[in-house]
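Inspection log for the structure reproduced underneath, given as structure tokens.
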There are 2 protein chains.
Amino acid sequence: MNRVIDVITRTRQLEGSFSKREQLVADFVLSNLEKVATLSQLEIANEAGVSVATVNRFCLALGCDGFRDFTIRLAQSVAVSLQYMGGPSRDDSESEQLVTQVFGALIDSLTLARTQLVGDSIQEAINVLAVCRRIAFFGVGGGSANVAREGANRFFRLGIPAEAHADGYLQRMVSATLETGDVVFAISSSGQAAELLDSVAIAKQYGAHTICLTRKDSDLAAIADIAIEINLPEDQDIYKPSASRLVFMAIVDVLAAGAARNRPEKVKEYLRRIRTSLVSLSKDTEPKPIGD
Amino acid sequence: MNRVIDVITRTRQLEGSFSKREQLVADFVLSNLEKVATLSQLEIANEAGVSVATVNRFCLALGCDGFRDFTIRLAQSVAVSLQYMGGPSRDDSESEQLVTQVFGALIDSLTLARTQLVGDSIQEAINVLAVCRRIAFFGVGGGSANVAREGANRFFRLGIPAEAHADGYLQRMVSATLETGDVVFAISSSGQAAELLDSVAIAKQYGAHTICLTRKDSDLAAIADIAIEINLPEDQDIYKPSASRLVFMAIVDVLAAGAARNRPEKVKEYLRRIRTSLVSLSKDTEPKPIGD
DNA sequence: CTTATATTGTAAGTTACTTACATTTCTTTC
DNA sequence: GAAAGAAATGTAAGTAACTTACAATATAAG
């Protein structure tokens with residue numbers, strides 16, 4: 001079980017790039033997830049209207065070692081999916097199915113990202129962030145900019161001065177004011193945004209530590225001191241927001257939690273102060289964690 | 001998959017009541033759970049020192065329909081087991097375990113939220129948002145304010161004028177400028193924030209439709225026209241950001257996807273325009289969905 | 001239109017699961 | 001303790017199904 005292939009996710013990723021007949025198999029599989037694991041190759045071939053050899057090729061195209069491997073992996077993926085989402089049911093209304101789709105895609109993306117966060121970069125980033133003097137979060141474009149804001153929102157609560165900037169010009173200017181002990185945390189799903197690349201280079205020049213959260217092997221990943229690299233498949237449904245920026249926010253949460261555990265006493269005091277400052281603003285007096 | 005047989009549990013239950021040779025098989029299976037699913041009947045027989053027919057009989061003794069059925073069920077039981085245990089392996093580094101915890105908590109929260117999104121409110125909200133004249137997203141406090149920004153960031157791409165406000169004073173003022181055909185979308189995890197309650201009441205007074213995303217049975221839920229109500233347990237670990245605001249963002253994604261599907265041709269045109277407007281800004285020219 | 005490449009299905013080859021039956025082992029009865 | 005009956009077990013034949021090779025068909029490129 002060392003190789004982690006989620007064949008459901010893989011099938012969805014490859015959708016549209018299969019050959020004609022293999023796409024028929026994929027369609028049948030995705031439409032009958034629970035049932036397929038119980039069927040023989042011949043039965044699937046008959047249902048999909050293709051030959052048994054095409055079914056076998058479909059399994060190989062997914063990276064499986066053959067039909068048996070595919071069946072086992074599918075059964076596992078289905079079992080895990082059922083655990084989490086209870087599976088799509090025919091009784092669901094249209095909106096309930098939409099919830100399942102959007103949430104399911106996010107869970108799939110989180111699961112995939114989890115498998116990619118296996119290097120030292122998370123721990124390195126936590127180590128740097130926990131002791132730095134100041135963090136400047138940079139992101140451009142609505143999604144990444146908002147991840148940056150979330151970053152600042154998370155880290156100020158730990159008593160670490162944290163700011164977020166979405167304006168490329170201002171990012172450059174801020175970068176020029178940073179120095180050793182400061183951090184630039186640059187967020188970009190593509191890793192190609194020119195302003196961001198420039199700002200990171202400027203910050204490095206003045207001695208700041210640079211961390212990025214971006215796509216694997218991108219330009220941004222190449223120039224940052226610490227690169228947290230995640231590749232997530234693009235969802236082909238243009239009407240559905242992509243899950244990647246929520247995955248990025250979850251990663252920022254990981255870093256914030258890690259940094260908080262590095263300085264528990266300080267964090268507890270800051271949380272207490274924040275709590276106290278909010279008391280008179282609403283009727284809500286319940287204890288609250290770092291968030292809202 | 002109708003019959004639910006957890007073969008691991010069954011094997012443990014029958015331990016001691018197997019025949020001599022079948023007990024050897026059971027011992028081998030229980031000692032090598034992850035590996036067994038990848039082995040052939042002959043390989044298992046050789047490892048356990050029995051004949052292939054005994055392995056087959058072992059599977060039948062568990063209530064399986066044969067070896068193939070046994071293999072699939074075992075693989076599923078193992079997969080679910082790994083997920084249930086949170087998946088952390090002894091080999092994981094500290095940061096990897098932190099990733100698993102944070103991501104796992106988010107997935108659990110999404111799963112729980114899914115079970116609560118079963119009424120009509122999502123569809124009602126989609127129906128209103130898809131045709132409204134303007135949406136004003138309101139949130140106070142770092143997390144909810146950022147959910148509001150995400151909301152605006154999602155809906156402007158559909159060609160619907162959308163704005164986000166975190167300043168309670170400004171929210172009141174904006175509310176006073178709204179009228180029939182407009183929407184206020186108020187976000188608050190507690191549902192108790194006084195400014196928010198006031199602003200929603202003002203907007204209602206001037207004919208705007210009011211939608212809220214908040215805790216069940218809260219004051220905010222009570223006064224809004226459409227209430228999307230989610231109760232998520234508070235995480236007792238104060239050093240870990242709570243998952244609720246990411247769940248709220250995922251719900252906003254559901255609404256945006258639903259509204260987009262209501263107006264596919266318009267959305268496609270706006271996405272095309274947005275794409276075109278971004279071309280000269282970075283080296284990234286790949287197709288992108290609604291998001292970044 | 002022709003040629004090269006990719007896809008696809010048919011069927012032969014191979015593997016492995018299932019079943020039947022003979023043998024061995026264990027349990028019960030006297 | 002011995003004999004008879006029942007249960008367990010292994011070997012090998014029978015059967016099913018997966019994999020692979022190759023010819024035929026479809027698609028892409030020049």
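Per chain, numbering begins at 1; letters A, B, ... match sequence-line order.
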| message | Using the side chain to side chain contact (heavy atoms under 4.5 Å, CB included) definition, which of the options B:Leu62, B:Leu74, B:Leu33 pairs with B:Thr11? | response | B:Leu62
| task | Give the minimum heavy-atom separation between A:Gln41 and A:Asn56, together with the two atoms involved. | result | NE2-ND2, 3.5 Å
| said: Can you tell me how far apart CD (A:Glu124) and OG (A:Ser121) are? Round to the nearest 0.5 Å. | reply: 6.5 Å
Validation: residues 21-30 of chain A side-chain donor-acceptor distances under 3.5 Å, sequence neighbours left out:
from    : atom 1 : to      : atom 2 : distance (Å)
A:Gln23 : OE1    : A:Gly16 : N      : 3.0
A:Gln23 : NE2    : A:Asp27 : OD1    : 2.9

| request: List the steps and the verdict of side-chain contact (heavy atoms from CB on, under 4.5 Å) for A:Ile211 and A:Leu213. | output: CA-CA 7 Å; A:Ile211 300 173; A:Leu213 174 50; over 6 Å; no
| message | Protein within reach of the bases, or only the backbone? For nucleotides 22-28 of chain C, mark each nucleotide 5' to 3' as B, S or -, using heavy atoms under 4.0 Å. | response | ----S--
| request: Rounded off to whole Å, could you give me the CD-to-P distance for the B:Glu22 and D:dA8 pair? | output: 8 Å
| said: I need the CG-C1' distance between B:Leu42 and C:dT15, as an integer number of Å. | reply: 10 Å
| Interatomic distance, A:Arg10 atom CZ to A:Ser77 atom OG [nearest 0.5 angstrom] | 11.0 Å
| Is any side-chain N or O of B:Gln41 closer than 4.0 Å to OP1 or OP2 of C:dT18? | yes
| message | Using OP1 and OP2 only, check whether a side-chain N or O of A:Arg57 sits under 4.0 Å from C:dT8. | response | no
| CZ of A:Phe58 versus P of C:dT7: gap in Å, rounded? | 15 Å
| field | For B:Val131 against B:Asn127, the heavy-atom pair lying closest together | value | CG2-O, 3.4 Å
| note | Testing D:dA8, C:dT18, C:dT8 for proximity to the side chain of B:Ser19, the answer is D:dA8
| request: Return the residues of residues 48-56 of chain A meeting this criterion: a heavy atom under 4.0 Å from some atom of DNA chain D. Order them by number, or give none. | output: A:Ala53, A:Asn56
| query | Between B:Thr100 and A:Arg114, does any side-chain donor sit less than 3.5 Å from a side-chain acceptor? | reply | yes
| Atom-pair distance (CG on B:Leu60; C1' on D:dT9), nearest Å | 15 Å
| query | To the nearest angstrom, how far is B:Leu39 atom CG from C:dC17 atom P? | reply | 10 Å
| request: Return the value, rounded to whole Å, for the distance between atom CD1 of A:Ile44 and atom P of D:dA17. | output: 12 Å
| B:Arg68 has an atom CZ; how far is it from atom C1' of C:dA16, in whole Å? | 13 Å
| task | In sequence, state the C-alpha distance, the side-chain angles, and the governing distance for A:Phe185 and A:Thr210, and then conclude on side-chain contact (heavy atoms from CB on, under 4.5 Å). | result | CA-CA 6 Å; A:Phe185 194 113; A:Thr210 55; over 6 Å; no
| note | Here the distance between atom C1' of C:dT19 and atom CZ of B:Phe67, to the nearest Å, is 17 Å
